[in-house]
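Inspection log for the structure reproduced underneath, given as structure tokens.
The sequence lines fix the lettering, A, B, ..., with proteins before strands; numbering per chain opens at 1.
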Amino acid sequence: MEQKYIPGDVEQKWQAFWEDTKTFRVTEDTVKQKYYLLEMFPYPSGRIHMGHVRNYSIGDVVGRFKRMRGFNVMHPMGWDAFGMPAENAAIQNRSHPAQWTYENIDYMRGQLKKLGLSYDWDRELATCNVAYYRWEQKIFLEMFRRGLAYKKTSFVNWCPRCETVLANEQVEDGGCWRCDSEVKQKELDQWFFRITDYAEELLEWTHKLPGWPERVLTMQRNWIGKSFGCEIDFARDNGSGTIKVFTTRQDTLFGATFMSLAPEHPLAMDLTTPDRQHEVSAFIESVRKTDRIKRTAEDFEKEGVFTGSYCINPVTLVQMPIYLANFVLMDYGTGAVMAVPTHDQRDFEFAARYGLPLRVVIQPEGETIEPAMMTEAYTESGVMANSGQFDGMKSDDAKEAIADYLQSKGIGTKTINFRLRDWGISRQRYWGNPIPVIYCDACGVVPVPEKDLPVELPVDVLFTGEGGSPLARLESFINVPCPVCGKPARRESDTMDTFVQSSWYFLRYCCPDSHDAPLDRSKVDYWMSVDQYIGGIEHAVLHLLYARFFTKVLRDMGYVSCDEPFTNLLTQGMVIKDGAKMSKSKGNVVDPNALIEKYGADTARLFSLFAAPPEKDLDWSDKGVEGSFRFLNRVWKLVHDRLETVRNAGPVDISSLDGEERTLRRSVHKTIRKVTEDLDERFHFNTAIAAVMELLNTLQAFDATTPQSGPIVKEALDSLILMLSPFVPHISEELWQHLGHTDRLSDAVWPEYDRNAAVDEELLIVVQVNGKLRSKITVAAETPEETIKAAALADEKVQPFLIGVQIRKVICVPGKLVNIVAG
RNA sequence: GCGAGAGUGGCGGAAUUGGCAGACGCACCAGACUUAGGAUCUGGCACCGUAAGGUAUAGGAGUUCAAGUCUCCUCUCUCGCACCA
């Protein structure tokens with residue numbers, strides 16, 4: 001009597017088994033080789049989506065495969081649980097963010113368990129739990145002590161109605177994404193992490209991470225943006241001080257005819273002459289109103305205003321008018337630029353608009369440019385001109401020479417500049433980790449003493465949606481005696497950016513129950529670094545850069561030994577349907593629950609692994625899902641059809657196999673080799689699955705009445721199930737049991753292939769004439785090259801192409817092809 | 001603009017070191033079983049051609065006995081950065 005494949009029953013049974021026996025719990029084991037496998041933890045938004053299914057299915061295959069290969073696999077899961085949506089939901093539902101978050105976590109944990117993922121749930125953590133964030137506060141204090149956390153004023157996007165800071169991506173067309181009010185640039189006192197201290201090391205290591213995709217490394221390098229240049233001092237023409245600029249093009253110094261300053265430049269008003277006051281103030285105000293996104297768009301009109309002051313070009317002694325310009329950024333370089341309109345496109349446009357002089361100082365090889373003929377700046381390298389003693393030099397060489405000259409004259413210094421800015425972590429929100437600092441009128445900024453940690457988020461908070469941080473309004477939280485002098489003081493009401501939590505969660509997984517320190521070094525050192533990290537490309541810069549930074553900081557504090565957190569990184573592609581990323585607004589969302597309900601988790605996993613290689617986008621196809629389901633049904637049916645054949649089968653007697661049996665066995669061992677290589681070295685899950693499908697096809701066609709069918713088919717089925725188990729663990733466990741195994745598949749060992757069995761006895765040799773396929777011949781494996789050549793030349797399909805031509809050469813690629821060159 | 005990646009049947013995708021282009025799956029077509037099938041099984045399936053054969057990996061050149069794969073040029077698309085001085 002044949003059983004039917006009912007995924008729901010099978011999956012429930014094995015999920016309960018794995019959970020009850022804690023199959024995937026791990027501890028440090030010095031005998032086995034460790035393997036730390038990690039997927040990016042999710043934000044508990046409510047329910048999982050197909051992107052999660054894909055991400056975690058990929059991870060699970062790797063985890064189960066490595067486990068079968070004998071590794072001590074740590075595979076944890078947790079929740080990136082602080083963040084704005086919880087707060088918004090709380091305002092909407094008049095509830096508490098914690099309630100919303102924990103309910104979501106419970107629901108999503110259930111969903112993940114329904115996917116049969118091999119997590120060690122004993123290591124689960126949620127970043128909103130005080131047991132987690134308290135340690136982050138301690139780390140913060142240590143960073144504060146080391147000067148790595150500091151406060152400074154900076155401009156931020158500010159919604160006056162919501163009374164909160166907005167991230168750049170939350171500003172839409174200059175308005176607040178929530179209430180549409182005009183977003184202002186507001187100067188606020190904010191906490192920062194000094195990531196720039198690590199810029200050099202972060203950059204350097206991008207060249208020492210061979211396990212990372214090149215494009216992620218490139219993005220990080222661009223983000224860090226190291227550039228070599230000079231800082232040059234330009235004296236005011238009235239002798240009252242100097243203005244410092246940064247340039248990478250000191251070779252164009254002789255062409256600098258005016259100067260541009262950022263409107264926010266501290267000297268802006270000082271430089272402004274009384275008659276220009278009105279105009280300049282108006283300009284500064286209008287720039288300040290424009291949001292940063294608009295202002296930095298390429299097609300934004302270059303505008304400026306003359307301050308009325310001048311400075312002196314230190315090499316030409318030409319008087320240069322000083323402008324404020326909207327395209328000069330205060331937070332890059334020194335906020336002041338020497339303008340060379342002939343060799344910089346922006347300066348060219350600016351000069352054209354305001355009628356400023358041009359002076360060509362670099363001529364292209366074999367050409368002469370006149371300012372009057374120029375329609376755009378010449379930005380390439382060339383030969384120096386109009387540049388005093390540097391004339392005739394190649395501009396690339398002049399860069400170094402002019403830098404040396406400036407340095408020797410004390411006018412400038414060679415400098416290295418980074419685009420990377422310090423990481424602003426202050427958020428005027430409730431649902432985050434409170435920054436453990438107290439402000440005292442007498443003592444200033446006072447860190448919360450460690451004995452007073454944690455600063456817990458108060459529970460009795462009202463979420464009215466009236467704007468501003470709920471913490472700032474909560475007197476019972478804000479008012480606190482100063483830890484130093486005991487006088488009344490105020491608590492910091494800002495919380496930390498949620499990227500802070502995700503910058504070290506992978507370390508905490510190593511020792512989730514460390515109760516007296518953020519990290520337990522011996523455990524962390526056993527598990528770190530993460531051997532394989534898997535997640536979306538959208539985190540290529542921010543999260544991955546912050547996590548690298550934190551690892552280095554914690555290393556310098558003595559918490560960990562490794563320099564880098566993630567040895568290998570896999571960035572998986574998006575899940576696409578009908579040509580677009582799945583989204584509610586597009587209406588092309590596939591709900592994992594419905595999918596599991598209808599086909600089971602195994603099918604959902606199988607399809608998301610089979611349809612595309614992991615790093616590419618996956619095109620969702622409902623028909624394709626059915627194909628995967630069909631395949632599992634065929635596997636189920638085949639196993640049951642062959643149960644009689646396989647019953648009581650002993651070991652294979654290799655010496656007495658007949659031809660067909662040997663052929664089947666060869667397919668089995670070749671498949672094992674292929675699947676092992678695809679999983680181990682390449683993460684080519686789609687081709688590995690394809691190979692197993694082929695084996696199924698072969699097995700189905702095999703006539704199971706030969707003398708040794710029992711042992712041979714049993715070996716084939718066992719191997720097939722073993723190979724499928726990382727992809728579709730539930731049905732595999734079940735069929736493994738049906739095949740009569742008393743051990744659990746989750747404890748089984750990955751099959752080894754038999755080299756001898758995988759070798760072909762006969763080889764198919766392709767015969768080409770002048771590179772064109774003309775025939776195929778079959779020869780025994782050990783046939784000497786000369787015999788193969790002779791057979792190829794004598795082949796009847798080849799013969800007609802050799803008539804009337806002279807054979808010049810015969811190329812023989814052993815085991816593959818013969819190419820007859822004739823003409 | 002700069003940087004990275006990609007372009008292969010009707011579709012998703014294979015082709016690991018330069019060596020049979022299109023594995024595997026989807027869709028489609030035909031057949032079998034069936035009262036019936038949107039279940040299952042068998043076979044077919046790049047294009048042109050009755051065939052022999054020819055043509056095909058975005059387009060063009062090149063290297064090679066042999067190119068999807070290597071080199072150069074052009075086009076298209078995707079992603080990232082983008083007034084960074």
Nearest non-hydrogen partners of A:Phe702 and A:Arg642, listed with the distance: O-NH2, 3.6 Å

Report yes if a side-chain nitrogen or oxygen of A:Arg346 is closer than 4.0 Å to either non-bridging phosphate oxygen (OP1 or OP2) of B:C84; otherwise report no. yes

For B:C2 and A:Arg221 - does any side-chain N or O of the residue sit under 4.0 Å from the phosphate oxygens OP1/OP2? no

On a whole-Å scale, what distance lies between the C1' atoms belonging to B:C26 and B:G38? 15 Å

Establish, yes or no, whether a centroid distance under 6.0 Å links the rings of A:Phe607 and A:Trp620. yes

Residue list, ring pair (Phe, Tyr, Trp, His ring centres under 6.0 Å) with A:Phe348, at least two apart or on another chain: none

Base, sugar-phosphate alone, or nothing: which one does A:Ile820 contact when heavy atoms must sit under 4.0 Å apart? nothing

Looking for any heavy atom pair under 4.0 Å, which part of the strands does A:Val766 touch: base, sugar-phosphate only, or nothing? base

Would the A:Phe610 and A:Phe685 ring centres measure less than 6.0 Å apart? no

How long is the line joining CZ of A:Arg419 and C1' of B:G3, in whole Å? 12 Å

Quick one: CD on A:Glu597 to OH on A:Tyr599, what's the gap to the nearest 0.5 Å? 12.5 Å

For B:G53, does the O4'-C1'-N9-C4 or O4'-C1'-N1-C2 angle fall within 90° of 0, making it syn, or is it anti? anti

Work out how far the P atom of B:C48 is from that of B:A15, and round it to whole angstrom. 28 Å

In terms of heavy-atom contacts, does NZ of A:Lys816 have more than 12 from other residues, nucleotides or ligands at under 6.0 Å? no

What's A:Asp619 touching, base or sugar-phosphate or nothing? Going by heavy atoms closer than 4.0 Å. sugar-phosphate

Between A:Tyr323 and A:Phe258, what is the ring plane arrangement, given parallel below 30°, perpendicular above 60°, and tilted in between? perpendicular

Can you list the stems that RNA chain B is part of, where a stem is at least 3 pairs in a row, each Watson-Crick or G-U, with both distances below 3.5 Å? B:1-7 with B:75-81, B:10-12 with B:24-26, B:28-32 with B:40-44, B:46-48 with B:53-55, B:58-62 with B:70-74

Sub-4.5 Å side-chain heavy-atom contact between A:Lys581 and A:Val575: no

Assess whether side-chain contact (heavy atoms from CB on, under 4.5 Å) is satisfied between A:Phe283 and A:Leu324, documenting all intermediate values. CA-CA 9 Å; A:Phe283 178 74; A:Leu324 303 186; 4.0 Å; yes

Are the side chain of A:Asn819 and the backbone N or O of A:Gly771 linked by a donor-acceptor pair below 3.5 Å? yes

5' precedence on RNA chain B between A:Gly335 and A:Leu817 (nearest-nucleotide basis): A:Leu817

Looking only at atom P, what distance separates B:G60 and B:A67, rounded to whole Å? 15 Å

Between the protein and nucleotides 67-71 of chain B, list the N/O to N/O atom pairs that are separated by less than 3.5 angstrom.
none

Rounded distance in Å between the C1' positions of B:G9 and B:G18: 24 Å

Run the salt-bridge test on A:Arg249 and A:Asp251 with the 4.0 Å N-O cut-off and return the result as yes or no. yes

Could I get a table of every N or O pair under 3.5 Å where one atom is in the protein and the other is in nucleotides 29-34 of chain B?
none

When you compare B:A85 with B:G5, how far apart are their C1' atoms, in angstrom units rounded to a whole number? 29 Å

Looking for any heavy atom pair under 4.0 Å, which part of the strands does A:Pro213 touch: base, sugar-phosphate only, or nothing? nothing

Criterion side-chain hydrogen bond (donor to acceptor under 3.5 Å, both in side chains) against A:Glu349, the qualifying member of A:Arg353, A:Gln345, A:Arg346: A:Gln345

Are A:Phe350 and A:Phe327 an aromatic pair by the rule of ring centers under 6.0 Å? yes

Main-chain N/O of A:Arg755 paired with A:Arg673 side-chain donor or acceptor, under 3.5 Å: no

What's the gap between B:C77 and B:G59 when it is taken at their C1' atoms, as a whole Å value? 15 Å

Measuring only the P atom in each nucleotide, how far is B:C72 from B:A23? A whole number of Å is fine. 32 Å

Heavy atoms under 4.0 Å is the rule here; annotate nucleotides 22-27 of chain B 5' to 3' with B where the base is hit, S where only the sugar-phosphate is, and - elsewhere. -BBSSS

Using a cutoff of under 3.5 Å, can you pull out all pairs of nitrogen or oxygen atoms linking the protein to nucleotides 53-57 of chain B, with atom names and distances?
unit_1: B:G54; atom_1: OP1; unit_2: A:Arg774; atom_2: NH1; d: 3.4
unit_1: B:G54; atom_1: OP1; unit_2: A:Arg774; atom_2: NH2; d: 3.0
unit_1: B:G54; atom_1: OP2; unit_2: A:Arg774; atom_2: NH1; d: 3.0
unit_1: B:U55; atom_1: OP2; unit_2: A:Lys772; atom_2: NZ; d: 3.0

Regarding A:Lys226, tell me which of base, sugar-phosphate or nothing describes its non-hydrogen contacts under 4.0 Å with the strands shown. nothing

SB check A:Glu694 A:Lys674 (cutoff 4.0 Å): no

A:Arg548 to A:Trp205, cation-pi by 6.0 Å centre distance and 45° axis angle: no

Within the 4.0 Å heavy-atom criterion, would you say A:Asp617 contacts the bases, only the backbone, or no part of the nucleic acid? sugar-phosphate

How far does CD1 of A:Ile416 sit from OG of A:Ser227, to the nearest 0.5 angstrom? 9.0 Å

For B:C65, does the base pair up with any side-chain atom of A:Lys809 as donor and acceptor (N or O, under 3.5 Å, distance only)? no

